[in-house]
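The chains referred to below are lettered A, B, ... by the order of the sequence lines, with proteins before strands, and numbering in each begins at 1. Keep in mind that this is a model prediction, so the values were computed, not measured.
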Number of protein chains: 2
Amino acid sequence: MMETLRALAEPNRFQIVELLRKGSRPVGDLVDRLGLRQPQVSKHLRVLSDAGLVEVRVDAQRRIYTLRPAPLQELQEWVERYRQLWEGNFQRLDALLGQMKTQEKKRGRRKRQGDHR
Amino acid sequence: MMETLRALAEPNRFQIVELLRKGSRPVGDLVDRLGLRQPQVSKHLRVLSDAGLVEVRVDAQRRIYTLRPAPLQELQEWVERYRQLWEGNFQRLDALLGQMKTQEKKRGRRKRQGDHR
DNA sequence: AAGACATATTCTTCAATTGGAATATACGAT
DNA sequence: ATCGTATATTCCAATTGAAGAATATGTCTT
C-alpha cells in the first residue's frame, strides 16, 4: 500500500499509469506521449514494476507494459473504508473524550520517547 | 489529486490519516500515538492541511485536527475508474495496434524533444 | 504578571529522489 | 558480422524531503 502510494505520487509515473489504463503499451510509445527521455521512462517503469503496479511482456526488442490490477484494487479497498466520511453520519467526538482521559499518562510517555534517540 | 497522493505517500502522514479516520484528535494525542516528536507531527499536519486532507479547529491551546472528505472522495473516484482492470473483461490490444501506426512519426517527435532542454 | 502547556516555525543537516548523459544489452534486419 | 532499433542501467549533479534541535507564539492557571 505504502509502496503503491509512493509510486503513484510522482507526476510522470501517475501519467504512465493513466496511459496504461487504456491498454498496454511499449516503452517507446510512452516516451512519445509523455515527452520524457527514454531512460527516465524506463526508470519510472522500474519503480512502478517494483511496486507491482505494472508487468512486462517481452515482444522482440519491445517491452510491453501492462497495468496489474492488484495494487489498485487494494487502494480502492483502502479508500473505501473512508466512505463514512462523506456519507454524512460521522461523529467526531469520541476521540476527543478519549483524549481527555489519557491526559495524565502523557508526561510518562513523552519521557520514554526522549531516550528514544 | 497529485497533492493528495504525495501527502499520503509518507508513512507517518498515512498513519495520521488512519488515526483521524476514527475521529478528530488534538496534536498531542497524535504525538503520543505515533511516537514522533511534536514538531514533526506539526509539520506533517501542515502538509496534510496544505493538501486539504485535514482541517483545524481551535480549542484553547489545543488544535483539533479533522479529516476532510473531499480529497479522499476524489481519490476514491479516481481509482474507481480502474475498476475494469479487475472486473475481468479488459482488452489490452487496442493500444498495441495504435502503436504500430504511430511508428513512422517517431523519429520526428524524438527530434523535437531533443531541443526541448 | 509568571510560569506551564500546546502547538507552530525556523534552521540545519542528511538521505532519498530525480533528471541528464553516457553506455550497455539484446534483438532484428541486411 | 554489422548496423539500427528498443530498452535498461550506471554514474553524476541538483533537488527535494524529512528529522533534529532550538525557538517562537499563544493560551491557561494561579
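- Residues Gln73(A) and Trp78(A) bring no donor and acceptor atom of their side chains to less than 3.5 Å of each other.
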As a quick check of understanding, evaluate salt bridge (charged side-chain N to carboxylate O under 4.0 Å, His left out) for Glu55(B) and Arg63(B), giving each step before the final call.
CA-CA 10 Å; Glu55(B) 65 186 7; Arg63(B) 308 296 168 95; over 6 Å; no
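- Between the CZ atom of Arg57(A) and the C1' atom of dT7(D) there is a distance of 16 Å, given to the nearest Å.
- For DNA chain C, the neighbouring residues in residues 8-18 of chain A, judged by any heavy atom under 4.0 Å, are Glu10(A), Asn12(A), Arg13(A).
- Near DNA chain D, defined here as any heavy-atom distance below 4.0 Å, the residues from residues 42-50 of chain B are Lys43(B), His44(B), listed numerically.
- The distance from atom CZ of Arg25(B) to atom C1' of dA6(C) is 17 Å, rounded to the nearest whole Å.
- Taking atom CD of Gln40(B) as the reference point, atom P of dA22(D) lies 13 Å away to the nearest angstrom.
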Grab the N/O contacts between the protein and nucleotides 27-30 of chain C below 3.5 Å, and write none if there aren't any.
residue: dG28(C); atom: O4'; partner: Gln61(A); partner atom: NE2; Å: 3.4

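- Proximity of a side-chain donor or acceptor of Arg13(A) to a complementary backbone N or O of Ala7(A) within less than 3.5 Å is detected.
- Salt bridge status for Asp29(A) with Arg33(A): present, with a side-chain N to carboxylate O gap under 4.0 Å.
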Only distances under 3.5 Å count here; give the side-chain donor-acceptor pairs of residues 45-54 of chain A to other protein atoms, sequence neighbours excluded, each with its distance to 0.1 Å.
residue: Arg46(A); atom: NH1; partner: Asp50(A); partner atom: OD1; Å: 3.2

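- Ile64(A) has its CD1 atom 12 Å from the P atom of dA6(D), to the nearest Å.
- An OP1 or OP2 oxygen of dG17(D) is reached within less than 4.0 angstrom by a side-chain nitrogen or oxygen of Arg6(B).
- Atoms CD (Gln38(A)) and C1' (dT5(D)) sit 11 Å apart, rounded to a whole Å.
- Note that CD of Glu74(A) is 9.5 Å distant from CG of Leu5(A), once rounded to the nearest 0.5 Å.
- Residue Tyr65(B) places none of its side-chain N or O atoms closer than 4.0 Å to OP1 or OP2 of dA6(C).
- In this structure, CZ in Arg25(A) is found 13.0 Å from CZ in Arg62(A), a value given to the nearest 0.5 Å.
- At whole-Å resolution of the value, CG in Asp32(B) and P in dC5(C) are 14 Å apart.
- In terms of the side-chain hydrogen bond (donor to acceptor under 3.5 Å, both in side chains) criterion, Gln61(B) has no residue partners (sequence neighbours excluded).
- Remark: P of dT17(C) and CD of Glu3(A) are 11 Å apart, rounded to the nearest angstrom.
- Residues Tyr82(B) and Leu75(A) have side chains not in contact (no heavy-atom distance under 4.5 Å, counting atoms from C-beta outward).
- Pairs engaging residues 31-60 of chain B under the ring-ring contact (aromatic ring centres under 6.0 Å, His included) rule: none recorded [sequence neighbours left out].
- Within the structure, every side-chain polar atom (N or O) of Arg63(B) is placed at least 4.0 Å from both OP1 and OP2 of dG26(D).
- For Leu5(B) and dG17(D), the CG to P distance is 14 Å, given to the nearest whole Å.
- Rounded to the nearest 0.5 angstrom, Gln76(A) CD and Trp86(B) CH2 are separated by 5.0 Å.
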